[in-house]
Amino acid sequence: MLSPKTLLPLFLLCMPLAKSFPVTSEQVEEKNAKIVENYLRKFYHLPSNQFRSARKNTTMIAEKLKEMQRFFGLAETGKPDVGTLEMMGKPRCGVPDTGDFMLTPGNPKWTHTNLTYRIINSTPQLSKAAVEAAIEKALQVWSVASPLIFTKVSKGDADINVAFVQRDHGDNSPFDGPNGILAHAFQPGQGIGGDAHFDSEETWTQDSRNYNLFLVAAHEFGHSLGLSHSTDPGALMYPNYAYREPNTYSLSQDDINGIQTIYGLSSNPVQPTGSSTPTACDPHLRYDAITTLRGEIYFFKDKYFWRRHPQLPEVDLNVISLFWPFLPSGIQAAYEDFDKDLVFLFKGKQFWALNGYDLQRGYPKDISSYGFPSTVQAIDAAVSYRGKTYFFVNNQVWRYDNQRRSMDPGYPKSTPSTFPGINCRVDAVFLQDSFFLFFSGPRYYAFNLNTHRVTGVARSNLWLNCRQR
């Protein structure tokens with residue numbers, strides 16, 4: 001039987017976002033330095049600086065920062081810039097990062113495919129039946145994509161033991177109370193190998209509140225089976241925790257590739273396939289929706305969005321649910337109302353209003369509240385300018401008066417007659433300076449609102465810093 005020290009603990013760490021308060025620049029710099037050093041020591045094997053000169057320590061921190069920035073697709077500055085510190089503040093798993101789907105160091109795996117599991121105890125936040133259902137479903141996520149079979153036992157030894165424990169519980173990986181380390185699991189092996197522990201002081205749920213047990217368990221069981229972390233933001237094995245709808249959840253292609261690399265193809269006659277994360281330099285990339293938000297630009301695609309900040313060189317890819325657990329994937333249109341400091345997002349006949357990252361009360365609402373007839377089932381794109389909001393539906397444009405809260409007479413009109421040169425269906429549009437930037441397929445058109453004509457055409461993914469032809 002292996003001792004806990006010989007096995008790699010894989011734990012899920014949730015670090016709260018830093019809150020700003022009046023401090024001196026020296027205090028901010030010192031606080032950031034501690035954040036960086038602690039983060040790199042936990043996740044990128046930064047050695048202790050106890051016997052290292054300040055110069056050598058600074059050089060090593062810069063190199064480790066570049067390694068971290070490379071993993072998350074950030075600009076490799078080697079400095080604790082805003083984007084890097086923001087990434088360090090996101091909820092995440094505590095195992096050190098590697099890349100793409102990765103096997104646990106040493107490539108441990110179970111030598112048999114019929115694995116047993118046992119739920120040692122439950123949690124007061126959920127019923128016993130709810131815990132059992134979440135654990136069973138979390139294991140099923142992996143069995144669908146592989147030849148693995150999981151059988152529940154109620155007593156005796158099991159390959160994977162599931163327990164809710166707190167603080168120091170005897171495995172050299174103590175929990176630290178609410179909102180810290182959420183859970184951890186151990187790589188395949190004898191004794192404690194494969195076991196998954198959940199912090200009983202956390203608030204476990206079946207929905208988007210706090211921490212969804214199914215999602216955390218599914219991630220941890222990936223570690224129990226031999227997987228490490230992935231650089232793919234859409235993968236279950238990505239380090240950062242993000243809520244997804246459990247009832248419709250399935251593994252990404254990256255997760256499927258990972259588990260099948262270890263255990264082979266699924267036993268099902270039809271091999272499962274998963275979603276692939278969109279890539280910025282895909283020559284066929286087309287956006288679902290685009291909007292500005294307090295100076296930033298958000299490009300939506302499927303369950304993801306790219307976030308472009310005017311002062312930052314990198315463009316971050318994020319999962320929508322990480323920021324807005326209540327929003328669906330596949331947002332179809334979005335616009336910012338600058339006067340109200342609100343962003344509106346649309347899918348089908350519903351729309352949501354956000355103040356920053358907060359959902360406004362009373363939403364979602366039906367698009368009929370704008371005055372659309374029942375024949376309009378969805379919005380393709382939207383943009384607001386000088387008190388008017390333009391909605392694009394197929395080859396037509398509607399104009400809404402934000403003050404009167406009604407559609408302007410004479411609309412809808414054809415898009416080409418209203419915006420000469422925009423002869424295609426509009427996928428997305430946003431306002432920048434005195435231009436409407438219309439996106440259709442892999443290209444965008446710059447429409448000058450002063451001269452009322454198209455003054456430029458280019459590839460859409462230039463906005464994501466993709467310079468490939």
Side-chain angles (χ1 to χ4, degrees), residues 287-300 324 326-328 331-440 444-455:
Y287 306 115
D288 296 335
I290 305 173
T291 184
T292 52
L293 173 56
R294 296 176 178 174
E296 298 182 325
I297 309 173
Y298 288 68
F299 301 81
F300 291 89
W324 304 289
F326 47 82
L327 285 180
I331 296 296
Q332 295 171 311
Y335 75 91
E336 181 175 17
D337 187 322
F338 301 96
D339 296 328
K340 297 179 181 178
D341 190 24
L342 294 176
V343 168
F344 295 89
L345 301 106
F346 300 77
K347 182 175 183 179
K349 291 183 68 66
Q350 289 187 313
F351 70 99
W352 294 257
L354 308 177
N355 178 252
Y357 297 116
D358 299 323
L359 177 67
Q360 297 298 283
R361 295 182 62 181
Y363 289 87
K365 294 182 179 180
D366 193 282
I367 59 175
S368 60
S369 61
Y370 278 99
F372 287 108
S374 59
T375 53
V376 175
Q377 296 294 306
I379 309 298
D380 293 330
V383 64
S384 192
Y385 176 63
R386 292 185 176 178
K388 305 286 187 179
T389 299
Y390 297 82
F391 294 99
F392 298 86
V393 181
N394 297 322
N395 63 344
Q396 293 183 315
V397 57
W398 302 68
R399 194 174 73 186
Y400 179 82
D401 189 292
N402 298 340
Q403 294 299 320
R404 292 190 293 106
R405 303 176 69 177
S406 63
M407 290 292 181
D408 283 341
Y411 287 86
K413 298 180 180 180
S414 75
T415 301
S417 66
T418 310
F419 299 99
I422 307 301
N423 303 313
C424 48
R425 180 167 176 162
V426 178
D427 294 329
V429 59
F430 72 94
L431 172 69
Q432 186 174 72
D433 300 325
S434 58
F435 287 84
F436 276 175
L437 300 171
F438 290 96
F439 291 74
S440 182
Y444 79 93
Y445 303 80
F447 187 88
N448 190 313
L449 295 168
N450 295 322
T451 62
H452 210 63
R453 65 185 182 90
V454 173
T455 58

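Heavy atoms of other residues, nucleotides or ligands lying less than 6.0 angstrom from CD of Gln403 number 12 at most. Around atom CZ of Arg405, no more than 12 heavy atoms belonging to other residues, nucleotides or ligands sit under 6.0 Å away.
Not counting sequence neighbours, the partners of Ser417 by the side-chain hydrogen bond (donor to acceptor under 3.5 Å, both in side chains) test are Ser414. With sequence neighbours excluded, the residues forming a salt bridge (charged side-chain N to carboxylate O under 4.0 Å, His left out) with Lys388 are Asp401, Asp408, listed by chain and number. Applying the side-chain hydrogen bond (donor to acceptor under 3.5 Å, both in side chains) criterion to Gln396, with sequence neighbours excluded, gives no partner residue. Every ring pair (Phe, Tyr, Trp, His ring centres under 6.0 Å) that Tyr385 has, sequence neighbours left out, goes to Phe436. The side-chain contact (heavy atoms from CB on, under 4.5 Å) search around Asp341 returns Arg294, Asn355, not counting sequence neighbours. Qualifying side-chain hydrogen bond (donor to acceptor under 3.5 Å, both in side chains) partners for Asp288, counting only residues two or more places apart in sequence or in other chains: none. By the ring pair (Phe, Tyr, Trp, His ring centres under 6.0 Å) test, Phe300 pairs with Phe305, sequence neighbours left out. Residues passing the side-chain contact (heavy atoms from CB on, under 4.5 Å) test with Thr451, sequence neighbours excluded: Asn448, Arg453, Thr455. Legend: residues meeting side-chain contact (heavy atoms from CB on, under 4.5 Å) with Thr389, ordered by chain and number and at least two apart, are Tyr335, Ser384, Phe391, Tyr400, Asn402.
Two residues are said to be in side-chain contact when any heavy atoms from C-beta on lie closer than 4.5 Å; Ser440 and Val426 fail this criterion. Using a 4.5 Å cut-off on side-chain heavy atoms (C-beta onward), Thr291 and Phe430 make no contact.
Leu293 and Gly356 get closest at one heavy-atom pair: CD2-O, 4.1 Å. Pairing each heavy atom of Val429 with each of Ala381, the nearest pair is CG1-CB, 3.9 Å. Taking each heavy atom of Pro420 and Phe447 in turn, the nearest pair found is O-CE1, 3.4 Å. Taking every heavy atom of both residues into account, Ala289 and Ala334 meet most closely at CB-N, 4.0 Å.
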Practice item. Please test Leu354 against Phe326 for side-chain contact (heavy atoms from CB on, under 4.5 Å), starting from the C-alpha separation and ending with a verdict. Key: CA-CA 11 Å; Leu354 308 177; Phe326 47 82; 3.6 Å; yes
Exercise for review: Evaluate the criterion side-chain contact (heavy atoms from CB on, under 4.5 Å) for residue pair Phe344 and Asp337; output intermediate values, then yes/no.
Suggested key: CA-CA 8 Å; Phe344 295 89; Asp337 187 322; 3.9 Å; yes
Review point. Asp380 and Gln332: side-chain contact (heavy atoms from CB on, under 4.5 Å), yes or no, with the steps?
Key: CA-CA 6 Å; Asp380 293 330; Gln332 295 171 311; over 6 Å; no
Point to revise | Verdict with supporting geometry, Tyr370 and Ser406, side-chain contact (heavy atoms from CB on, under 4.5 Å) | key: CA-CA 6 Å; Tyr370 278 99; Ser406 63; over 6 Å; no
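Between Ser434 atom OG and Leu449 atom CG the span is 6.5 Å, to the nearest 0.5 Å. Atoms CD1 and CD, from Ile297 and Gln432 in turn, are 5.0 Å apart once rounded to the nearest 0.5 Å. Separation of atoms CD1 (Ile422) and CZ (Phe419) is listed at 8.5 Å; rounding is to 0.5 Å.
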Contacts under 3.5 angstrom, residues 345-353 side chains, donor-acceptor by atom type, not counting sequence neighbours:
residue: Lys347; atom: NZ; partner: Ser329; partner atom: O; Å: 2.7
residue: Lys349; atom: NZ; partner: Val376; partner atom: O; Å: 3.4

Donor-acceptor pairs are to be reported for all side-chain atoms of residues 358-367 against protein atoms at under 3.5 Å, with residues two or more places apart or in another chain.
residue: Asp366; atom: OD1; partner: Ser368; partner atom: N; Å: 2.8
residue: Asp366; atom: OD1; partner: Ser368; partner atom: OG; Å: 2.9

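No option in Tyr411, Trp398, Phe439, Phe438 other than Phe438 meets the ring-ring contact (aromatic ring centres under 6.0 Å, His included) test with Phe392.
Under the 3.5 Å distance criterion, with hydrogens and angles disregarded, a donor-acceptor pair is assigned to the side chains of Thr292 and Glu336.
Of the possible polar contacts, one joining the His452 side chain to the Thr418 backbone as a donor-acceptor pair under 3.5 Å is found. Listed for the Thr415 side chain is a donor-acceptor partner under 3.5 Å among the backbone atoms of Asn395.
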